[in-house]
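See below for the structure under consideration.
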Amino acid sequence: MKKSVFLGALTVAGLAAGAAAAGTLDDVKARGKLNCGVTTGLVGFAAPDENGRWDGFDVGVCRAVAAAVLGDPDAVEFVPTTGKTRFTALASGEIDVLARNTTWTFSRDVDLKFTFVGVNYYNGQGFMVPKELGVSSAKELDGATVCIQTGTTTELNLADFFRANNISYEPVPIETNAEGQQQYLAGACDTYTTDASGLAATRASFENPADHVVLPEIISKEPLGPLVRHGDDEWGDVVRWTLNALIAAEELGITSANIGELSAAAGDNPEVNRLLGTEGNLGEMLGLDADWAVKAVQAGGNYGELFEKNIGENSPVGLARGLNAQWTDGGLLYSPPFR
């Protein structure tokens with residue numbers, strides 16, 4: 001009797017897990033809209049324009065997923081989240097995916113029970129100071145006041161760095177990047193620390209960017225990427241392979257300009273054909289249309305196009321590709337095969 005009750009419990013648990021796995025994809029399709037958690041505003045990554053339309057590098061990932069699943073890159077509800085509220089919003093089901101400069105760590109993956117579906121930006125923590133402070137290295141910041149976002153990996157990194165270098169600091173806690181920018185510019189802290197990409201984005205929004213310097217030290221590894229809830233493998237696959245499609249498209253020379261022509265008929269490259277749905281059944285495996293990846297790339301371009309437009313060297317943020325170059329160009333970007 002005990003054995004049958006135990007097996008029955010396993011069966012119920014298995015059914016519940018199966019329902020959870022299919023849940024988000026079905027919910028998004030039924031709702032006709034993707035709920036995507038983003039930052040409260042970070043130039044180049046996620047910010048609303050004067051008309052309230054969200055744009056940016058992370059926003060581009062959300063729009064690609066919406067296009068792949070719903071055929072419409074505008075079928076997205078963007079939910080601003082802070083370092084403290086982002087994980088609750090995802091765990092509670094308020095959002096379907098979090099695409100918000102969030103670092104993939106052991107505890108977030110395992111203890112908080114989220115699944116990171118990939119890395120869309122390889123980053124590291126840095127420091128920004130006013131040029132007039134006369135500091136050229138983070139190791140010269142002994143006794144400094146530091147603006148730091150609460151509920152982030154930067155808090156522990158900061159403590160570790162100062163301890164390792166036997167120097168002290170006084171934290172000035174902030175909730176959002178906008179608050180950090182305001183406090184920093186008001187002189188409430190000597191330095192602002194966050195991901196180096198975030199510092200570049202924040203500096204670009206200043207009236208006089210040249211009056212501020214991002215110091216050379218990178219004190220951590222910050223692999224940033226979108227994440228979903230544990231136990232939702234079908235949905236995780238959709239978000240993971242949409243990101244991979246953007247990365248692979250750049251490697252394979254597929255752009256928003258030529259994808260229409262390439263997808264009109266099968267060509268000579270089998271992987272391109274499979275990615276674009278002109279042969280094989282990859283879309284069917286995901287529960288999506290055959291041209292899901294075509295729609296994803298058309299939403300805002302391939303990975304390189306999204307990067308260049310929003311945060312690249314010719315944008316106000318001005319970031320070089322660096323580690324975020326394709327593996328064929330000495331970077332870390334590498335998509336598993338579409339086969």
Side-chain angles (χ1 to χ4, degrees), residues 39 42 45 82-84 86-87 100-112 114 116 118-177 179-204 206 209 211-225 227 311 317-325 330-332:
T39 183
L42 185 62
F45 284 87
T82 68
K84 284 187 173 180
R86 54 185 165 173
F87 297 130
R100 181 206 179 279
N101 54 309
T102 297
T103 304
W104 186 350
T105 70
F106 182 100
S107 59
R108 289 172 177 177
D109 195 320
V110 178
D111 192 41
L112 295 186
F114 296 127
F116 285 79
V119 177
N120 74 325
Y121 193 92
Y122 290 94
N123 212 346
Q125 184 175 334
F127 296 86
M128 178 169 61
V129 297
K131 184 179 287 186
E132 65 180 18
L133 197 62
V135 171
S136 59
S137 167
K139 294 177 182 178
E140 299 172 19
L141 293 172
D142 191 15
T145 50
V146 184
C147 282
I148 177 99
Q149 287 189 52
T150 55
T152 64
T153 57
T154 54
E155 286 184 293
L156 281 175
N157 295 336
L158 178 66
D160 288 349
F161 176 78
F162 273 76
R163 180 180 175 185
N165 287 282
N166 198 29
I167 53 179
S168 64
Y169 69 98
E170 181 182 338
V172 178
I174 56 170
E175 289 264 348
T176 67
N177 188 67
E179 183 187 350
Q181 176 178 321
Q182 183 181 25
Q183 293 281 72
Y184 171 78
L185 289 176
C189 53
D190 299 312
T191 180
Y192 183 21
T193 184
T194 187
D195 297 337
S197 62
L199 294 177
T202 299
R203 181 175 175 270
F206 291 169
D211 291 345
H212 305 270
V213 178
V214 176
L215 299 176
E217 286 87 358
I218 298 296
I219 67 169
S220 68
K221 292 186 296 184
E222 307 292 332
L224 310 181
L227 54 154
I311 57 176
V317 179
L319 294 172
R321 286 292 290 268
L323 295 178
N324 297 290
L332 296 179

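The residues of the chain are indexed from 1 along the displayed sequence.
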For the pair [X] (side chain) and [Y] (backbone), establish whether a donor and an acceptor sit closer than 3.5 Å, ignoring hydrogens and angles.
X    : Y    : value
R86  : G83  : yes
S168 : D142 : no
Y122 : K221 : no
T145 : D190 : yes

Work out which heavy atom in [X] is nearest to a heavy atom in [Y]; give both atom names and the distance.
X    : Y    : value
T202 : M128 : CG2-CE, 4.2 Å
I218 : A196 : CD1-CB, 3.8 Å
F45  : L319 : CZ-CD1, 4.3 Å
A204 : P209 : O-CG, 4.4 Å
Y184 : P130 : OH-N, 2.9 Å
Q149 : T194 : NE2-OG1, 4.3 Å

Should [X] and [Y] count as side-chain neighbours, where that means a heavy-atom distance under 4.5 Å?
X    : Y    : answer
T150 : E155 : yes
T102 : F114 : no
F206 : L185 : yes
V146 : P171 : no
V129 : L141 : yes
C147 : T191 : no
E222 : N101 : no
P223 : T103 : yes

Next on the checklist: For H212 and Y192: C-alpha separation, side-chain torsions, deciding distance, then whether side chain to side chain donor-acceptor pair (under 3.5 Å) applies.
Outcome noted: CA-CA 11 Å; H212 305 270; Y192 183 21; over 6 Å; no
Checklist entry - Roughly how far, to the nearest 0.5 Å, is CG of D211 from CD of E132? => result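 Separation between the atoms: 8.0 Å.
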Checklist entry - To the nearest 0.5 Å, what is the distance between CG (L215) and CG (L133)? => result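 Here the rounded value is 9.0 Å.
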Next on the checklist: If we check side chain to side chain contact (heavy atoms under 4.5 Å, CB included) with W104, which of these qualifies: V119, T153, L224, L227?
Outcome noted: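 Option passing the side chain to side chain contact (heavy atoms under 4.5 Å, CB included) with W104: V119.
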Checklist entry - Please walk me through it: do Y121 and D195 pass side chain to side chain contact (heavy atoms under 4.5 Å, CB included)? => result CA-CA 11 Å; Y121 193 92; D195 297 337; over 6 Å; no
Checklist entry - For E140, does the CD atom sit with more than 12 other heavy atoms under 6.0 Å from it, leaving out its own atoms? => result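 Enclosed: over 12 neighbouring heavy atoms sit under 6.0 Å from CD of E140.
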Item to check | Residue pair T193 / Q125, side-chain donor-acceptor N/O under 3.5 Å | outcome: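 The criterion, which ignores hydrogens and geometry beyond distance, is satisfied for Q125 and T193.
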Checklist entry - Ion pair present between K84 and E175, side-chain N to carboxylate O less than 4.0 angstrom? => result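 Looking at E175 together with K84, the answer is yes, because their closest N to O distance falls below 4.0 Å.
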